[in-house]
Peer 1: 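Before anything else, here's the structure in question.
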Number of protein chains: 2
Amino acid sequence: MRIDEDIDKAAIRILHDLTGLDNVFLDQLKTFGRVDRHPMGRVVTTAFYSLINQTKYNPRPASWAVKARWKSLAELHEMAFDHRELLQTALDALQSQVRQKPIGFELLPEEFTLAQIQNLYEAVLNTQFDKANFRKKILSMGVLKPLDKTEKAVRHRPARLYRFDTQRYYSLAKQGFLFEL
Amino acid sequence: MRIDEDIDKAAIRILHDLTGLDNVFLDQLKTFGRVDRHPMGRVVTTAFYSLINQTKYNPRPASWAVKARWKSLAELHEMAFDHRELLQTALDALQSQVRQKPIGFELLPEEFTLAQIQNLYEAVLNTQFDKANFRKKILSMGVLKPLDKTEKAVRHRPARLYRFDTQRYYSLAKQGFLFEL
DNA sequence: CCAAAAGTGTTGTTACTACACCCATGA
DNA sequence: TCATGGGTGTAGTAACAACACTTTTGG
């Protein structure tokens with residue numbers, strides 16, 4: 001972080017410099033400050049995590065970060081320093097946040113099917129949901145706006161598309177409504 | 001924080017130096033790093049919050065912090081710098097944490113009555129609960145160990161005392177059980 | 001017509017709410 | 001014996017889980 005830069009701004013800038021990404025969900029996670037966490041000396045790191053929709057955003061790694069690319073969790077092997085711990089903290093935070101705030105939609109296209117949300121939640125929470133019950137629950141929250149559109153070119157009945165209704169969510173939230181999957 | 005000191009250790013030390021308190025619940029909250037948050041220059045603060053049981057711990061303010069004392073929220077007026085924001089962040093975190101982790105018991109004596117827990121939750125969450133339903137719910141979690149003791153010297157039917165069963169909580173938590181008020 | 005996934009309805013069970021009531025104690 | 005809070009039971013309702021079933025598309 002620069003001497004004349006807010007910490008949040010620094011996180012945005014660093015993510016942008018590394019990947020070219022901008023205007024993405026970014027949330028402060030935790031500050032890691034064990035004395036021995038870096039072999040070269042004292043380094044205190046405030047970690048942030050971001051949720052990025054691969055269909056909407058195209059990462060362009062900086063020249064000094066050419067090896068930056070998408071990896072599945074399974075692909076990750078050794079990580080530097082205590083970065084495995086940082087990652088685990090982020091995953092825990094994600095699992096806990098995704099159940100009480102509608103941040104899951106950050107990972108979906110603007111328009112999505114109910115099956116896509118369900119798959120997302122099943123992946124993030126590492127569980128299985130009953131299709132009928134899941135859609136009843138998520139629709140009953142009233143924050144999904146059904147569109148007059150369907151999927152195209154699938155070899156089965158095409159699914160209706162939905163949009164997350166931000167306006168509606170905030171007006172409900174103001175009245176004490178809790179998003180809770 | 002000292003150059004050779006873990007950030008968590010620093011928080012423990014500072015709390016101890018200021019108040020004499022030791023071995024209390026202490027959790028990292030968030031790191032505040034706006035450029036303009038301190039008029040004297042750039043200050044980045046990692047805030048922690050602590051839950052302290054007044055009946056168990058006796059704060060002894062350091063000589064250079066003689067004005068340190070307990071204040072109710074209502075008593076708080078102006079606070080320095082962005083400390084009002086820090087406090088609000090802590091309160092929000094407390095409300096959200098207390099509903100999903102059994103940290104409320106940090107604020108109670110070792111042995112407590114069900115009415116005490118209920119009062120605590122009502123105060124923290126700023127709500128009211130039905131007595132019968134609240135006790136059914138909290139008892140059904142199975143993490144309260146009933147004692148063969150009751151209150152003394154009350155001019156009504158004395159209430160049974162309970163203890164939070166840490167062992168049991170951890171063994172349940174390992175099986176995926178979620179504390180949720 | 002078939003396979004595949006979308007989408008709906010029903011039924012039984014569990015959890016929650018509201019509220020009435022009894023109990024034990026000190027004054 | 002009264003006031004006060006401790007403690008319990010029940011009935012109605014809402015939420016949830018399981019599962020069977022119908023619908024619509026492409027091949």
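Fair warning: this is a prediction, and the values are worked out from it, not measured in the lab. Both backbone and side-chain heavy atoms feed into the values below; hydrogens, waters and symmetry mates do not. We name chains A, B, ... by the order of the sequence lines, and we start the count at 1 in each one.
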Peer 1: For residues 96-103 of chain A, which side-chain N or O atoms pair as donor and acceptor with protein atoms under 3.5 Å away, sequence neighbours left out?
Peer 2:
from: A/Gln100; atom 1: OE1; to: B/Gln100; atom 2: NE2; distance (Å): 3.3
from: A/Gln100; atom 1: NE2; to: A/Ser96; atom 2: O; distance (Å): 3.0
from: A/Gln100; atom 1: NE2; to: B/Gln100; atom 2: OE1; distance (Å): 3.3

Peer 1: How far apart are the C-alpha atoms of B/Phe112 and B/Phe105, what are their side-chain angles, what is the distance that settles it, and do they pass the ring pair (Phe, Tyr, Trp, His ring centres under 6.0 Å) test?
Peer 2: CA-CA 9 Å; B/Phe112 49 81; B/Phe105 302 99; 5.5 Å; yes
Peer 1: Testing the basics here: between B/Arg160 and B/Pro146, what is the closest heavy-atom pair and its distance to 0.1 Å?
Peer 2: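 Heavy atoms only, the tightest pair is CD-CB, 4.0 Å.
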Peer 1: In whole Å, I'd like the distance from the CD1 atom of A/Ile138 to the C1' atom of D/dA17.
Peer 2: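 In whole Å, D/dA17 C1' and A/Ile138 CD1 are 17 Å from each other.
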Peer 1: For DNA chain C, which residues in residues 107-132 of chain B have a heavy atom at a distance below 4.0 Å?
Peer 2: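 Under 4.0 Å from DNA chain C: B/Asp130, B/Ala132.
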Peer 1: Take the protein atom CD of A/Glu180 and the nucleotide atom P of D/dA15, then report the distance between them rounded to whole Å.
Peer 2: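 Going from A/Glu180 (CD) to D/dA15 (P), I get 13 Å.
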Peer 1: Are the side chain of A/Gln118 and the backbone N or O of A/Phe129 linked by a donor-acceptor pair below 3.5 Å?
Peer 2: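 Yes; judged by distance alone, with no hydrogens or angles, the pair exists.
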Peer 1: Going from NZ on A/Lys71 to CG on A/Leu73, what distance comes out if it is rounded to the nearest 0.5 angstrom?
Peer 2: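 Answer for the NZ-CG pair, A/Lys71 versus A/Leu73, is 11.5 Å.
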Peer 1: When the side chains of residues 5-16 of chain B are checked against the rest of the protein, which donor-acceptor pairs come out under 3.5 Å, sequence neighbours left out?
Peer 2:
from: B/Glu5; atom 1: OE1; to: B/Arg2; atom 2: N; distance (Å): 3.0
from: B/Glu5; atom 1: OE1; to: B/Arg13; atom 2: NE; distance (Å): 3.4
from: B/Glu5; atom 1: OE1; to: B/Arg13; atom 2: NH2; distance (Å): 2.9
from: B/Glu5; atom 1: OE2; to: B/Arg13; atom 2: NE; distance (Å): 2.6
from: B/Asp6; atom 1: OD1; to: A/Val35; atom 2: N; distance (Å): 2.6

Peer 1: Rounding to a whole Å, what distance do you find between B/Arg135:CZ and C/dC21:P?
Peer 2: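 Taking atom P of C/dC21 as the reference, CZ of B/Arg135 is at 19 Å.
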Peer 1: Can you establish whether the number of heavy atoms outside A/Gln167 located under 6.0 Å from its atom CD is more than 12?
Peer 2: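 Atom CD in A/Gln167 is not crowded, with 12 or fewer foreign heavy atoms closer than 6.0 Å.
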Peer 1: Find every protein N or O atom lying less than 3.5 Å from an N or O atom of nucleotides 11-16 of chain C, and list the pairs.
Peer 2:
from: C/dC16; atom 1: OP1; to: B/Lys137; atom 2: NZ; distance (Å): 3.3

Peer 1: Which residues, if any, of residues 144-164 of chain B bring a heavy atom under 4.0 Å of DNA chain C?
Peer 2: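 B/Val154, B/Arg155, B/His156, B/Arg157, B/Pro158, in order of number.
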Peer 1: Strictly below 4.0 Å, N to O, side chains only: are A/Glu85 and A/Lys30 in salt-bridge contact?
Peer 2: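 Not counted as a salt bridge, because no side-chain N and carboxylate O are separated by less than 4.0 Å.
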Peer 1: So, are A/Glu106 and A/Lys56 salt-bridged, with charged N and O less than 4.0 Å apart?
Peer 2: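 Looking at A/Lys56 together with A/Glu106, the answer is no, because their closest N to O distance does not fall below 4.0 Å.
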Peer 1: Using a 3.5 Å cut-off and no angle test, enumerate the donor-acceptor pairs between side-chain atoms of residues 170-181 of chain B and protein atoms at least two apart in sequence or in another chain.
Peer 2:
from: B/Ser171; atom 1: OG; to: B/Arg168; atom 2: O; distance (Å): 3.2
from: B/Gln175; atom 1: NE2; to: B/Ser171; atom 2: O; distance (Å): 3.2

